[in-house]
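Data block below; observations after.
When a residue number appears, it is its place in the shown sequence, counting from 1. Atoms considered below: every heavy atom in the structure, side chains included; atoms not considered: hydrogens, waters and symmetry mates.
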Amino acid sequence: MKVAIYISNHGYGHATRMAALAQTLNEAGIVCWLCTDRPAFLFAGLDPQLTLQRRVSLDFGLVQHGWRTADATATLAGLNELWSRREDLLATEAAFLRRERIDLVVGDIPPLAFEAAARAGVPSVAMSNFDWPFIYRNVLGGVKAEQALARVERACAHAGLALRLPFSSRRSMASFPRIESFGLLTRKANTRRASVRRQLGVSDDTLLVLALFGGMGGSTVDFAALCAQPNVQVLAVEAGPPADNYRVLPRSADLPSLLPAVDLVLTKLGYSTLAECVVAGAPLLCTHRDSQPEDVLLSDGLREMNHPHQLVSPSELAGLDWPQALDWVRRTKRSRGRATANREVARRCVRHAFENRPPIQAVLDVGSNNILLLWGRREGERIVADHRASAVSALGRGMRGDRLTTAGLRRTRRILDRYIAMSRAVTDDIHVYATSAAREAANIGELADWLRRRHGVALRILSEEEEARCGGLAAASAFAGRLFTFDIGGGSTECTLVEDGEVVRWASLPVGLRRLESMFGADGQARRDYMRLHLEALVDWNLDNARPVGLGGTVCNLAAVKLGQVRYAADAVHGSQLSAADLTRYSRELCAMRDADIARLMPFEPSRARLVRVGVEWMAMLLMRATGEGRGAIAVCDRGMPFGYLMLLGREATTL
């Protein structure tokens with residue numbers, strides 16, 4: 001699934017909350033295009049495989065020469081100039097949305113983004129605590145702006161759904177015809193007070209003050225007077241007095257991570273900073289801007305949330321009585337903070353994208369190394385995929401005897417939580433199955449019980465035959481003719497012989513990459529002997545004229561490396577080939593490389609790097625068995641086990 005996120009090119013707040021949304025979508029494997037000219041450092045923490053930034057400007061918000069005051073004349077001129085290019089902008093964006101096969105447009109809140117989505121036939125969602133007409137009416141004023149306001153309102157009306165965030169009112173988003181209210185969408189800290197202060201070198205009895213006045217800077221704070229107070233350390237993103245207790249942070253600093261350690265945040269009113277402080281529980285001393293109607297919404301919201309804060313005018317801030325202000329800080333308790341609604345917002349966006357699509361099924365493959373997610377539907381003998389994702393759980397890592405590790409189960413539950421929660425947004429028809437590691441684990445019941453209690457979903461443990469047939473059916477749905485398929489997993493390798501779309505022979509070999517790692521470590525000779533031993537199970541298979549087809553993450557990742565992909569492209573990988581010469585070359589080259597160097601080559605799940613060397617070795621043996629030494633090639637199948645499982649479900653339903 002692909003989402004295009006259009007961001008108002010005004011300040012940093014719109015960008016930071018959309019970064020929080022993108023991160024949540026990324027957790028479910030959803031690709032996000034960030035369409036904005038905001039600085040790249042605002043999105044630095046996002047998954048580079050699932051996030052792309054496209055520099056485009058559909059909206060500038062307000063023209064300001066500082067954080068306090070908007071230039072009404074320049075803003076109106078800018079709106080008129082933007083609309084003079086409207087047709088060209090809409091044509092360009094609609095073409096982009098079609099070319100990239102975007103499933104959903106999310107806007108915060110460039111009005112033309114919603115009109116471009118409508119032109120391309122793509123569903124769209126607006127989200128904010130205000131719309132631009134609400135701001136423009138107060139900032140621009142006068143009859144001269146009415147035509148510009150009407151244009152902006154008409155563009156906003158193209159949004160299929162608007163999600164109203166806190167610090168808002170019904171009037172502040174009145175341009176959107178369909179509105180639903182949600183909680184806070186914002187970045188959140190994953191740090192603790194003690195660890196942050198230790199890293200900063202700040203003692204616990206020192207008041208830590210963080211000054212944030214947006215990307216424009218220019219605050220009226222007398223920082224010299226503040227720094228003159230005892231036991232105070234100031235962190236800021238703008239230059240200040242040459243004091244030992246005034247530290248300038250880089251613009252790219254991870255500010256939310258500091259908030260658990262901060263005793264006071266000095267800032268102007270603005271949604272993103274306030275939301276991050278509310279979530280972290282950090283007290284606020286803030287000032288308002290001139291003629292900004294949003295500031296009334298923000299100050300009202302802080303009072304309604306009962307968040308510790310003081311609101312002063314810019315002139316009062318300039319001459320603040322710091323001993324009195326800091327005494328208030330010392331007497332004020334941090335709030336307990338609030339939960340974000342990031343996942344709820346993301347799920348609502350995804351549900352909107354699927355509202356007018358045919359019903360789908362969600363399939364989750366719990367393998368020994370990876371969890372695969374597929375949202376798809378059957379169309380005869382063909383599977384149509386609406387969304388796919390993969391995450392490394394390493395469920396079988398460190399498995400000794402018949403016991404899965406506590407860490408492996410924890411990682412698996414965490415990924416299943418994310419995938420199932422997002423799947424619920426689009427379907428209640430959810431299937432979870434497990435394979436090799438689950439078959440052997442005496443304690444797999446812990447995962448099955450948790451899955452049933454928490455999500456109301458049963459865990460199906462596939463037999464060796466069912467697992468093999470799923471791989472064969474997946475390959476048969478993508479390739480015609482006589483096939484010899486092998487699906488290399490973490491715990492086992494499933495092989496099938498397929499004729500006329502049917503699996504006529506199967507074998508499950510206890511040769512999986514996680515298993516080999518656990519059994520042999522760096523003992524290459526013992527590992528190779530073990531692989532050759534189990535390859536004997538295929539000795540009586542007649543593979544004449546059978547096309548070798550490889551499935552699984554290792555095969556696909558190696559194909560992506562061969563293609564020189566920086567970002568994994570499934571359509572290019574699927575149907576490509578890995579020749580015997582390719583395998584010989586990669587086996588030699590990868591053995592001479594460190595894990596970190598291999599990971600840099602891999603566009604898909606670089607955490608597999610340590611397993612790829614062994615995977616190449618095993619692929620070469622399988623290809624040799626199929627075609628003879630030094631010749632032939634593997635056809636790469638990117639349509640994995642979940643595709644075959646959907647086929648299997650269809651056949652089981654027909655049988656019943």
Atom [atom1] of [X] and atom [atom2] of [Y]: how far apart are they, to the nearest 0.5 Å?
X      : Y      : atom1 : atom2 : value
Arg514 : Asn370 : CZ    : CG    : 8.5 Å
Leu516 : Glu617 : CG    : CD    : 9.0 Å
Ser272 : Leu255 : OG    : CG    : 11.5 Å
His387 : Asp103 : NE2   : CG    : 9.5 Å
Leu21  : Asn342 : CG    : CG    : 8.0 Å
Ile461 : Glu440 : CD1   : CD    : 11.5 Å

Less than 4.5 Å apart, side chain to side chain, heavy atoms only: is that true for [X] and [Y]?
X      : Y      : answer
Thr16  : Glu276 : yes
Leu185 : Glu344 : no
Thr191 : Gln199 : no
Cys637 : Thr485 : no
Arg439 : Ser508 : yes
Ile488 : Leu622 : yes
Leu649 : Arg378 : yes
Leu462 : Cys470 : yes

Counting only N and O atoms by type, is there a donor-acceptor contact under 3.5 Å from the side chain of [X] to the main-chain atoms of [Y]?
X      : Y      : value
His574 : Asp638 : yes
Asn443 : Leu404 : yes
Arg424 : His455 : yes
Thr427 : Ser423 : no
Thr340 : Thr186 : no
Thr496 : Val498 : no
Arg411 : Ala394 : yes
Ser587 : Leu583 : no

I'd like to know if [X] and [Y] make a salt bridge, using a cut-off of under 4.0 Å between side-chain N and carboxylate O.
X      : Y      : value
Arg600 : Asp597 : yes
Glu27  : Arg343 : yes
Arg469 : Glu466 : no

>> Which heavy atom of Gly396 sits nearest to which heavy atom of Ala437, and what is that distance?
In response: CA-CB, 4.5 Å
>> Restricting to non-hydrogen atoms, name the atom on Ala559 and the atom on Ser576 that form the minimum distance, rounded to 0.1 Å.
In response: CB-OG, 3.7 Å
> Does the side chain to side chain contact (heavy atoms under 4.5 Å, CB included) test come out yes or no for Tyr568 and Met602, once each step is laid out?
Replying inline: CA-CA 9 Å; Tyr568 187 80; Met602 295 168 60; over 6 Å; no
> Under the criterion side chain to side chain contact (heavy atoms under 4.5 Å, CB included), which of Leu416, Leu409, Asp417 is the partner of Arg413?
Replying inline: Leu409
Mind checking what makes side chain to side chain contact (heavy atoms under 4.5 Å, CB included) contact with [X], not counting sequence neighbours?
X      : result
Thr51  : Asn26, Leu34, Leu46
Pro358 : Arg377
Pro510 : Arg515, Tyr530, His534
Ala474 : Leu551, Phe643

>> Before you tell me yes or no, could you show the steps for Leu513 and Asn369 under side chain to side chain contact (heavy atoms under 4.5 Å, CB included), namely the whole-Å CA-CA distance, both residues' side-chain angles and the distance that decides it to 0.1 Å?
In response: CA-CA 8 Å; Leu513 303 187; Asn369 191 56; over 6 Å; no
> Does a donor on one side chain sit under 3.5 Å from an acceptor on the other, for Ser579 and Gln577?
Replying inline: no
>> Atom CZ of residue position Arg567 - does it have more than 12 heavy atoms of other residues, nucleotides or ligands inside 6.0 Å?
In response: yes
>> Does Lys188 have more than 12 heavy atoms from other residues, nucleotides or ligands lying within 6.0 Å of its NZ?
In response: no
>> Using side chain to side chain contact (heavy atoms under 4.5 Å, CB included), reason through His352 and Leu104 one step at a time and then give a plain yes or no.
In response: CA-CA 8 Å; His352 183 69; Leu104 176 69; 4.1 Å; yes
> With sequence neighbours left out, what residues match Arg347 under side-chain hydrogen bond (donor to acceptor under 3.5 Å, both in side chains)?
Replying inline: none
>> For a side chain to side chain contact (heavy atoms under 4.5 Å, CB included) check, start with the C-alpha distance between Arg613 and Asp595, then their side-chain angles and the critical distance, and finish with the verdict.
In response: CA-CA 10 Å; Arg613 298 185 192 90; Asp595 289 351; 2.9 Å; yes
> Does the ring center of Phe486 lie less than 6.0 Å from the ring center of Trp618?
Replying inline: no
>> Taking ring-ring contact (aromatic ring centres under 6.0 Å, His included) as the cut-off, I'd like each qualifying pair that reaches into residues 396-434, sequence neighbours left out, listed once.
In response: Tyr433-Tyr645
